[in-house]
Enquirer: 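Take this structure first; my questions come after.
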Amino acid sequence: MEVVIEPPGVIAALVADAVEGLLAAKPEAVLGLATGSSPQAVYDELARRCAAGRLSFARARAFMLDEYVGLPADHPERYRNVIDRDFAARVDIAPGAVHGPDGTADDLPAACAAYEATIAAAGGVDLQLLGIGTDGHIGFNEPGSSLASRTRLKTLTTQTRADNARFFGGDVGRVPRHCLTQGLATIMSARHLVLVATGAGKAEAVHHLVEGPVSAMWPATIMQHHPHATVLVDDAAASRLQLGAYYREVFAGKPAWQGL
Ligand code: GLP
């Protein structure tokens with residue numbers, strides 16, 4: 001696992017560099033998209049570079065990590081609508097090339113199985129963007145999630161619903177209780193995992209993710225088993241890392257050609 005400690009603006013540029021490099025090498029690349037506030041600066045940078053003609057998503061496809069269950073199709077906080085607004089509408093990705101688990105389906109287990117099949121048919125995800133919850137979730141894989149899980153229905157923790165209440169007018173009662181999420185094994189199948197975390201509120205989760213024992217209690221720790229995982233954090237999110245000085249030294253000495 002590579003740990004990069006940089007200011008948020010540098011993190012966004014580094015992740016955009018990785019996406020740009022991937023698309024240059026493989027224009028039909030498959031991207032994994034995360035919602036939440038963590039990837040926003042990355043989406044802003046990708047939109048800027050797309051507008052400037054530096055990169056194109058015209059042949060790319062994308063898969064979302066997760067979705068709320070029970071929100072109406074036109075709800076502004078339905079993740080499908082969030083991704084359309086924050087990413088798809090701002091770049092040149094083809095209509096229909098962005099896929100997400102269907103939280104409005106009558107048969108949710110069938111929708112989850114269909115989603116797994118669609119990801120597999122696309123050849124899997126090349127680069128998966130991730131944020132991390134304060135309780136250590138990735139996607140919506142809450143503590144206790146099977147480390148071998150696939151896309152399925154989950155119940156959100158009280159902590160996650162409280163964290164996400166800011167998107168629902170501060171009213172935790174309006175945050176759905178259930179969601180569909182790619183499983184931890186689904187996420188681990190992506191060829192490159194790129195996790196972004198900023199702010200002191202993420203420091204404990206980042207400490208466990210990078211330096212804790214692998215445990216379903218901190219689901220993101222499964223990333224320690226991934227052969228190509230990059231964790232990009234600002235000073236505040238890195239503040240509880242025991243080996244922070246070492247990670248900084250490693251990154252400072254890294255040849256520029258290596259990329260993430
Ligand atoms: C949300 C999402 C995750 C996200 C995480 C952190 O609930 N389901 O995909 O990574 O929690 O969110 P944020 O980046 O807003 O802190």
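Whatever order the structure lists them in is the order used to number ligands and atoms, beginning at 1.
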Enquirer: Using the salt bridge (charged side-chain N to carboxylate O under 4.0 Å, His left out) rule, take E67 and R80 through it: C-alpha gap first, then chi angles, then the decisive distance, then the call.
Expert: CA-CA 7 Å; E67 182 59 272; R80 177 66 211 214; over 6 Å; no
Enquirer: Measuring from the heavy atoms of R166, does anything fall under 4.0 Å of ligand 1?
Expert: yes
Enquirer: Only heavy atoms count here, so choose which of G131, A197, C179 is nearest to atom 10 (O) of ligand 1.
Expert: G131
Enquirer: Looking at every non-hydrogen atom in both residues, tell me the closest pair between T157 and E142 and how far apart they are.
Expert: N-OE2, 2.9 Å
Enquirer: Out of all atoms in ligand 1, which are within 4.0 Å of some heavy atom of I132? Include the element for each.
Expert: 6 (C), 10 (O)
Enquirer: Any chance you could measure L65, atom CG, to H137, atom NE2, to the nearest 0.5 Å?
Expert: 9.5 Å
Enquirer: Quick one: nearest non-hydrogen protein atom to atom 4 (C) of ligand 1, plus distance?
Expert: T35 O, 4.0 Å
Enquirer: Given S38, G133, G36, identify the one with the heavy atom nearest to atom 14 (O) of ligand 1.
Expert: S38
Enquirer: Between R90 and D84, is the closest basic N to carboxylate O distance under 4.0 Å?
Expert: no
Enquirer: How does A34 reach ligand 1, by side chain, by backbone, by both or by neither, if only non-hydrogen atoms under 4.0 Å count?
Expert: neither
Enquirer: Which of these, K202, H137, M64, has its nearest heavy atom closest to atom 16 (O) of ligand 1?
Expert: K202
Enquirer: Under 6.0 Å between ring centres, would you say that holds for F251 and Y246?
Expert: no
Enquirer: Do you know which of I138, L232, V15 makes side chain to side chain contact (heavy atoms under 4.5 Å, CB included) with L195?
Expert: I138
Enquirer: Taking non-hydrogen atoms only, is Y79 closer than 4.0 angstrom to ligand 1 via side chain, backbone, both or neither?
Expert: side chain
Enquirer: Mark up the atoms of ligand 1 that fall under 4.0 Å of a heavy atom belonging to N164, in ascending order.
Expert: 1 (C), 7 (O)
Enquirer: Would you please determine whether G139 falls within less than 4.0 Å of ligand 1 on a heavy-atom basis?
Expert: yes
Enquirer: What heavy-atom pair brings I132 and A197 nearest, and what distance separates the two atoms?
Expert: CG2-CB, 3.8 Å
Enquirer: Are I119 and M64 joined in one hydrophobic group, where the rule is that I, L, V, M, F, W and Y side chains link up if heavy atoms are under 4.5 Å apart?
Expert: yes
Enquirer: Using heavy-atom distances only, which candidate in D66, I138, D163, T181 approaches atom 9 (O) of ligand 1 most closely?
Expert: D66
